[in-house]
Amino acid sequence: MKHVLGNKKAITLFVLPALILYTAIVMLPVIWSLYYSLYSGSPGLKWEFSGLKNYQTLFKDKNFRDALVVNLKYIAFVMMGQVGLGLALALLFRFWLVRFKNIVRTLVFFPVVLPTVAVGQLFAKIYEIQPNYGLLNSLLDNIGLSQFVQPWIGQASTALASLIVMDIWVAMGFYAVIFYGALLDIPSDIIEAARIDGCSAWSMFTRVLSPLLRPVTITSLVFSFTGTVKMFESALALTKGGPGNATKSLSMYMYNVSFSYSKVGYGSVIAVFIFLLCVFGSRIIHKFDKQI
Amino acid sequence: MNNKPIIKKTIIRLIILLLVIIETYPLVWMLTASLKKPAEFVEKPAYALNAGFYWQNYIDAWTRGNMALFFKNSLINTLIALVFIVIFAVTVGFALTKMQWKLREFVSRYFALGIMVPVATALIPLFQIYNKLNLINTRTSLVLAYIAFGLSLSIYLITSYLRSLPDEILEAAVIDGCGIYKLMWHVVVPLMKNGIVTVLVLQFFFKWNDLLFSMTFINDTALKTVQTGLLYFQDEFGSKNWGAIFASVSMSVMPMLLLYTVLNKTVIEGMTAGAVKG
């Protein structure tokens, strides 16, 4: 047994190619970003060691702060929407939907499989006002709510909200399926017993279900968090970060700084910041798992 | 008093119906809009159904909009990357769970680190590395990035499947005189079918969806993928050509739609595995 499973040659052959590729393309660049962040300019062009100066600039940079605020708002609302509505849907499926369970689940999961850019293009047309009314505006117009007809993604006040709605629409079904699976794992005798004891729907949820759903809630929150920290594709596809900076995220700002303005050193600081936000944010969410 | 539960039930049913409509109607609308004549967009409200089947939109998107080319590129990149991801995930996963060597724990943690790395963080140095190696504007740059960034999660998923594979099966095969390579090919791979399908489904969606890498490393139209192509479609066709835009978006969605209609249970399981096990 040992001579087969301890075969050094085979282990090297199995692990080494993937290890090299992974190191060169994933881990090395991450460390490299740290190193870059200590320089100003871009390699080959005014490339000078500047120590922690980039980090100091970062906190005075108004564009960065704006991007951070946009990104944090997006994270908060999308997380709440995706996980909250996902849970609500799962509860509906589990307790009130008797027939058509599979077909409803399949239909609600549908948007999850769509490419982000396609969804962005689709919603750009839904929200459109010029040259023709898009789906939303024409429906509003038709049901007599024409005072609400507006350039949803063309004005700063509604652009971020429109983007958030789109991303909740996309992923709601995903979390619904995850919560539904977890609800099915809860033995029905527990629920029956609580019912016989006269448990109301609300206390059933707060006292019986939510403690049992805690682990899956935590994983869902972490998953949604790490997805939303990266905010890029959907915003790019729907609004290109605009109007102005209304939907410009950290990643988009990083992208502009390093590729459009060629400030590679400064862009790397933002890249490092995104990484740290991702790591510490998920740590904090995981902390809630251990409490109580 | 007796009416109350019935009213409640009806309300809840209506809510569920409404949710299903909200989740699916935009897609239906897109498909109908992709078959409208240009004039219909101006003369009729956006929610109106298509008057006929105006396939010219699809022909425009496929030829003039370069969708044929973008599809080919996406398909090639995705398929090559998937083959390598699966090979690496199975071999590395096996070495990390069932084989005996010293650095096993360390390497296992090292690969797991990558699950947390946002693509944006690695993007700038990766661009510089590719630039030095003259890999910008090549298919290789994309495929390498796709494989490397697909490894962590895939290995993680495969190891969680492998852990539940009983050692007795491997032992029996070894006693029967199976070498390590035969063991992999004839015993492990067939038993890991579910795990492999999960990885394939999940990574197919991830790679087909990629925008960040392809817009950063590729600006040659001949090598653009569906996602980057779509993003700049509007600029090429003008924002007034709704029909062609809808047709191209519908087309980009087709592979997903087909896969999902045929294998919806597998797809749901595959897509959610990343969150449930991760």
Side-chain angles (χ1 to χ4, degrees), chain A residues 1 4-7 10-11 14-15 18 21-22 25-26 29-30 32-33 36 43 89 92 96-97 104 106-118 121-122 126 131-135 138-139 142 173 177-178 219 223 229-230 232-233 237 251 254 258 264 267-268 271 274-275 278-279, chain B residues 12 16 19-20 23-24 26-27 29-30 41-42 45-47 88 91-92 94-95 98-101 107 111 114 116-118 120-122 124-126 128 144-145 147-149 151 171 174 179-180 183 205 208-209 211-212 227 230-231 240 245 249 252-253 256 260 264 267-268 271-272 275-276:
Chain A
M1 190 68 187
V4 176
L5 292 182
N7 185 337
I11 292 171
F14 285 173
V15 178
L21 191 70
Y22 170 73
I25 289 179
V26 182
V30 171
W32 213 318
S33 274
Y36 270 177
L89 266 179
L92 282 179
W96 283 287
L97 197 65
V104 168
T106 308
L107 287 175
V108 168
F109 196 82
F110 227 149
V112 180
V113 305
L114 305 176
T116 316
V117 182
Q121 299 279 2
L122 170 60
I126 289 178
N132 316 309
Y133 280 1
L135 184 61
S138 68
L139 283 175
N142 184 258
V177 167
I178 290 179
T219 19
F223 202 76
V229 168
K230 297 170 192 163
F232 186 88
E233 274 100 342
S251 303
M254 179 218 83
S258 25
V264 168
S268 298
I274 296 170
F275 180 58
C278 200
V279 172
Chain B
I12 287 168
I16 295 177
L19 281 165
V20 171
E23 290 287 287
T24 48
L27 285 169
W29 177 65
M30 175 183 73
F41 290 106
V42 185
Y47 54 80
F88 287 152
T91 52
V92 174
F94 186 76
K98 300 289 179 191
M99 296 185 84
Q100 288 131 19
W101 43 300
V107 173
F111 272 117
M116 283 302 291
V117 174
T121 305
I124 304 170
L126 197 53
Q128 306 288 340
L144 287 177
I147 299 171
F149 275 89
L151 285 176
E171 262 165 52
V174 171
I180 183 73
L183 183 73
F205 284 97
W208 186 267
N209 246 326
L211 174 67
L212 199 47
Q227 308 308 325
L230 268 187
L231 197 59
K240 286 194 179 162
I245 293 173
V249 173
S252 83
V253 166
M256 274 53 195
Y260 187 62
N264 68 70
V267 170
I268 292 180
M271 299 280 287
T272 50
V276 174

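Labels below follow one simple rule: chain letters A, B, ... track the order of the sequence lines, proteins then strands, and each chain is numbered from 1. The figures here come from the full heavy-atom set of this structure, side chains too, leaving out hydrogens, waters and symmetry mates.
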#### Entry: Contact class of B/Phe205 relative to chain A, heavy atoms under 4.5 angstrom
side chain
#### Entry: Atom of B/Ala145, atom of A/Ile25 and distance for their closest heavy-atom approach
CA-CG2, 4.1 Å
### Task
State, with a plain yes or no, whether a side-chain heavy atom of B/Val20 is found less than 4.5 Å away from one of A/Phe110.
no
#### Entry: Under 4.5 Å from a heavy atom of chain B, the part of A/Phe275 involved
both
### Query
With a 4.5 angstrom heavy-atom cut-off, which part of B/Ile12 approaches chain A: side chain, backbone, both or neither?
side chain
### Part of B/Phe94 lying under 4.5 Å from any heavy atom of chain A
side chain
### Message
Need one label for A/Ser33: side chain, backbone, both or neither, based on atoms under 4.5 Å from any heavy atom in chain B.
### Response
both
### Query
Quick one: does A/Gln121's side chain have a donor or acceptor within less than 3.5 Å of a partner on B/Leu230's backbone?
yes
### Task
Taking the side chain as every heavy atom from C-beta outward, state whether A/Thr116 and B/Gln227 have any atom pair closer than 4.5 Å.
no
### Message
Please give me the minimum heavy-atom distance between A/Val26 and B/Ala122, naming the atom from each residue.
### Response
O-CB, 4.3 Å
### Query
Can you find a heavy atom in the side chain of B/Pro26 that is under 4.5 Å from one in the side chain of A/Ile126?
yes
## Note on the structure
Looking only at B/Val107, B/Leu183, B/Ile16, the option with the highest number of non-hydrogen pairs under 4.5 Å against chain A is B/Ile16
### Minimum-distance pair of heavy atoms, taken over all atoms of A/Ala118 and B/Val253
CB-CG2, 3.8 Å
### Message
Heavy-atom cut-off 4.5 Å, strictly under: side chain, backbone, both or neither for A/Phe109 against chain B?
### Response
both
### Message
Quick check for you: among A/Val30, A/Leu122, A/Val15, which has the greatest number of heavy-atom pairs under 4.5 Å with chain B?
### Response
A/Leu122
#### Entry: B/Phe149 side, atom CZ; A/Tyr22 side, atom OH - distance, nearest 0.5 Å
9.0 Å
### Query
Which region of A/Val112, side chain (C-beta onward) or backbone (N, CA, C, O), has a non-hydrogen atom less than 4.5 Å from a non-hydrogen atom of chain B, or is it both or neither?
both
### Task
Among the options B/Leu27, B/Ile180, B/Val249, pick out the one with the most heavy-atom pairs lying under 4.5 Å from chain A.
B/Ile180
### chain A interface, residue from B/Pro118, B/Ala120, B/Gly114 that has the most non-hydrogen pairs under 4.5 Å
B/Pro118
### Task
For chain A, find which of B/Ile147, B/Leu126, B/Val267 contributes the most heavy-atom pairs closer than 4.5 angstrom.
B/Leu126
### Query
Got A/Trp32 and B/Gln128 here, is their nearest side-chain heavy-atom distance under 4.5 Å?
no
### Query
Side chain, backbone, both or neither: which part of A/Phe223 has an atom under 4.5 Å from a heavy atom of chain B?
side chain
### Residue B/Leu19 versus chain A: region with a heavy atom under 4.5 Å
side chain
### Query
Considering all heavy atoms of both residues, which atom of B/Glu23 and which atom of A/Gly173 are nearest to each other, and what is their separation?
OE1-N, 4.3 Å
## Note on the structure
Okay, B/Leu151 and chain A: the region with an atom under 4.5 Å from a heavy atom over there is side chain
